[in-house]
Amino acid sequence: MREKSAETIVEPAPAGGQAVPVGDRVAPAGDQPAPADPVAATRRRTSRMIDAAIAAVFCLVISATGIGLMLSKVGMTFPDWVGVGQTYSYLEGRDYQVCPVPSVSGITSGEFQSELEDYLSDHAPNRDAIMLSTAWMQRLSIVPMAGILGLPAYPTFFGSSYAYLPEQDAIVSIADRRARVANGIQDASAGLSLVIESHPQTRFFVYTPLRNNMLPYLPERLLSGQVTPQWLEENVYVPLEEAGARVVRPVTRDFDEYLQDYYRGDFHYNALGANRGYCAVMEAMGHGEDILERNQLLRESVVSIGADERTALQFLSEPDYLTDYEYDLPRYSVYIDGEPQDPSFVRHRELLETEDYDSDIYIARLSEYFRGGIRGSVMLLVNEDMSDASSDASSDASSSSVSSDASATRDDGEVLIIVDDSFGKGVEYLYLSHYKYVYVLDPRGFPMTLGEAVDAYHADDVLILTSVSVLADNTDILAN
C-alpha cells in the first residue's frame, strides 16, 4: 500500500499579508513575524542615532544661545570671540537681528517666528567659527573635484559667488553682472548727458577702477561669458563718452597687473593701484605738473582680512597688509556738512603709528584707516596753502553754509567735486595738490543731484570716481 503523502494546508493570508511556511505547513502571516532585514534594521538604527544627535546639538545650541543672551542682559560680559551680546558682525558685514516683539499680526503672518529664528541664529555662541568651519568642510569635496576637472579655481563653498585661485592665492567674484551693469550705465549716461549739457563751463571726468566682479582679466574657464575689454568699451566707456564725459580708462591692463594693484583678498586697489589711478586722472585733467610724488611705502603691521575673504569665508595663505604712501601734502582742513574735523579724519595715520586696533580680527582695516566720506553728507577738503580769491575764505569754509554757497566768490580752477564710493577714500586728499576746494559726495545716499551740486558749489571740474557696479546701481544722483 502506498503511503499517504503529508497534506499541505494553505490558509488564506489576511489582507495585505503573506503566507509564511512553518515546517511542512504554511501558516498564516499573523501567526509569526517575518525575519527582519539586517541591512534595513542597521539603516533604521543609524538614522535614529543621527536624528537624536541632530536634536541634541540643536537643543544644546538653543540652550546655550538662550543662557548666553540672558547672562548678557544682566551685565555679564563675554570675550569677543564668543560673539554673545554683540549687535554687529564684522565677518558678515551686517547688523544682527534684534529681538523681535511678538504681536498678533506678526504671529499670524509668520514674521515673528522668522525674525525669532534669525535672532537666535545670529546670537549663537561662536557663530563666526561655525560658519567658517562649515565652509571649510564643504571645500573638502569641492577642491578634489576642481582638481579632477582641471579648473584653475574653485568656489569657496557650495553656492558661493566667490572663487579662490590657488596659484595666485587670490579671491575673486564670479557673479555675472553684465546685463545689470549695462542697463544701469545706460541710465547713468542719459542723466549725466543732461547735467553736462546744462553746465558747459564745467568739465566732467569719469574713472571707474576695476572691481573683480567686473574684471575682464580672469583666467580662462573660470567663468562662462566673461567680461572682456571690448564689452567694457562698448557697454560702459563709449556710452559715458557719448554723454559728454571724458573717460579715463583703467590703468590695470592684465591679470598679473591686477594682482599688483589690488589686494588679493579684497576688491579695493592697494596703495600702488590708487596712486596709478590718481596719476592717470591728473594727466587727463591737464594737471600733470601738479602730481604729488609718492614717497615711503607704509604698511600695517597686523593682518588685514579683506572684504572678499570675509564674504567668501576663506582666508589667504599669505595675508594682505594695508598699505599707504607718504606724500608731501599741503596743509588742509576737513569739514563734514560744515562741521570742522581733525585732518586725520581722511587718513588715520595714528593707526599705523600706535597700532591702536579694534580687537575684532574681521574689522575692515581699509575703512578703519581711510575715514573720509560719509553717506548722505558732504565732505569738504580745503587746501590751506593755496590762495583764495575771497579774503573771507577761512571763515566762509568753517561756516554752516559751506555745503551750499561757500564757493560763490572763488576764482575759476579752484573747485573740484568728486562723486565717489570707497575707491575714492585713498586718493581724495591727493587732488588738493591742484584744487583749493574738493567736495566729496557719495552717490549711495547723497541728498541732492549732481546738477544741483554743480550749481551750489560752482564746480570747475567734476570727477566721477566709482566702480562700474556702484555707478550702474546709483543713477539717481546723475541727474540735472
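The structure presented is a predicted model; accordingly, all values stated were derived computationally and were not measured.
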Would you say [Y] and [X] are linked by a side-chain donor-acceptor pair, where the criterion is simply a distance under 3.5 Å?
| X | Y | answer |
| --- | --- | --- |
| Thr466 | Asp421 | no |
| Tyr435 | Asp460 | no |
| Arg177 | Ser469 | yes |
| Ser433 | Asp290 | no |
| Asp385 | Tyr332 | no |
| Arg294 | Tyr327 | no |
| Asp308 | Tyr263 | no |
| Asp261 | Asn270 | no |

Query raised in the report: Within a reach of under 6.0 Å around CD of Glu289, are more than 12 heavy atoms found that belong to other residues, nucleotides or ligands?
Result: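 Result for CD/Glu289: enclosed.
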
Requested in this report: Using the ring-ring contact (aromatic ring centres under 6.0 Å, His included) rule, take Phe267 and Tyr262 through it: C-alpha gap first, then chi angles, then the decisive distance, then the call.
Outcome: CA-CA 7 Å; Phe267 58 83; Tyr262 286 72; 9.2 Å; no

Query - Of all pairs that satisfy salt bridge (Lys or Arg N to Asp or Glu O under 4.0 Å), the ones with a partner from residues 238-257, not counting sequence neighbours - result: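 Every salt bridge (Lys or Arg N to Asp or Glu O under 4.0 Å) pair that includes a residue of residues 238-257, provided the two are not neighbours, is Glu233-Arg249, Glu241-Arg249, Arg253-Glu257, Glu257-Arg276.
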
Query raised in the report: Is a salt bridge present between Asp442 and Lys425, judged by a nitrogen-to-oxygen distance below 4.0 Å?
Result: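 Salt bridge between Asp442 and Lys425, a charged N being under 4.0 Å from a carboxylate O: no.
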
Query raised in the report: Should Arg127 and Glu92 count as an ion pair when the cut-off is N to O under 4.0 Å?
Result: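 Judged by the 4.0 Å cut-off on N to carboxylate O distance, Arg127 and Glu92 do form a salt bridge.
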
Query raised in the report: To the nearest 0.5 Å, how far apart are OH in Tyr457 and CD1 in Ile417?
Result: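 Here the interatomic distance stands at 7.0 Å.
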
Query raised in the report: Does any N or O in the side chain of Ser344 come within less than 3.5 Å of the main-chain N or O of Arg347, such that one atom is a donor and the other an acceptor?
Result: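 No: the side chain of Ser344 does not pair with the backbone of Arg347.
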
Query raised in the report: Backbone N or O of Ala271 within a donor-acceptor pair of the Asn275 side chain at under 3.5 Å?
Result: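 Side chain of Asn275 to backbone of Ala271: no pair is present.
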
Requested in this report: Any chance you could lay out the side-chain hydrogen bond (donor to acceptor under 3.5 Å, both in side chains) test for Tyr258 and Gln168, step after step, and finish with the verdict?
Outcome: CA-CA 11 Å; Tyr258 174 84; Gln168 294 83 4; over 6 Å; no

Query - Cation-aromatic face contact Arg299/Tyr321, 6.0 Å, 45 degrees - result: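 Yes, Arg299 and Tyr321 form such a contact.
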
Query raised in the report: Is any side-chain heavy atom of Val172 closer than 4.5 Å to a side-chain heavy atom of Tyr164?
Result: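 A side-chain contact under 4.5 Å is absent here.
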
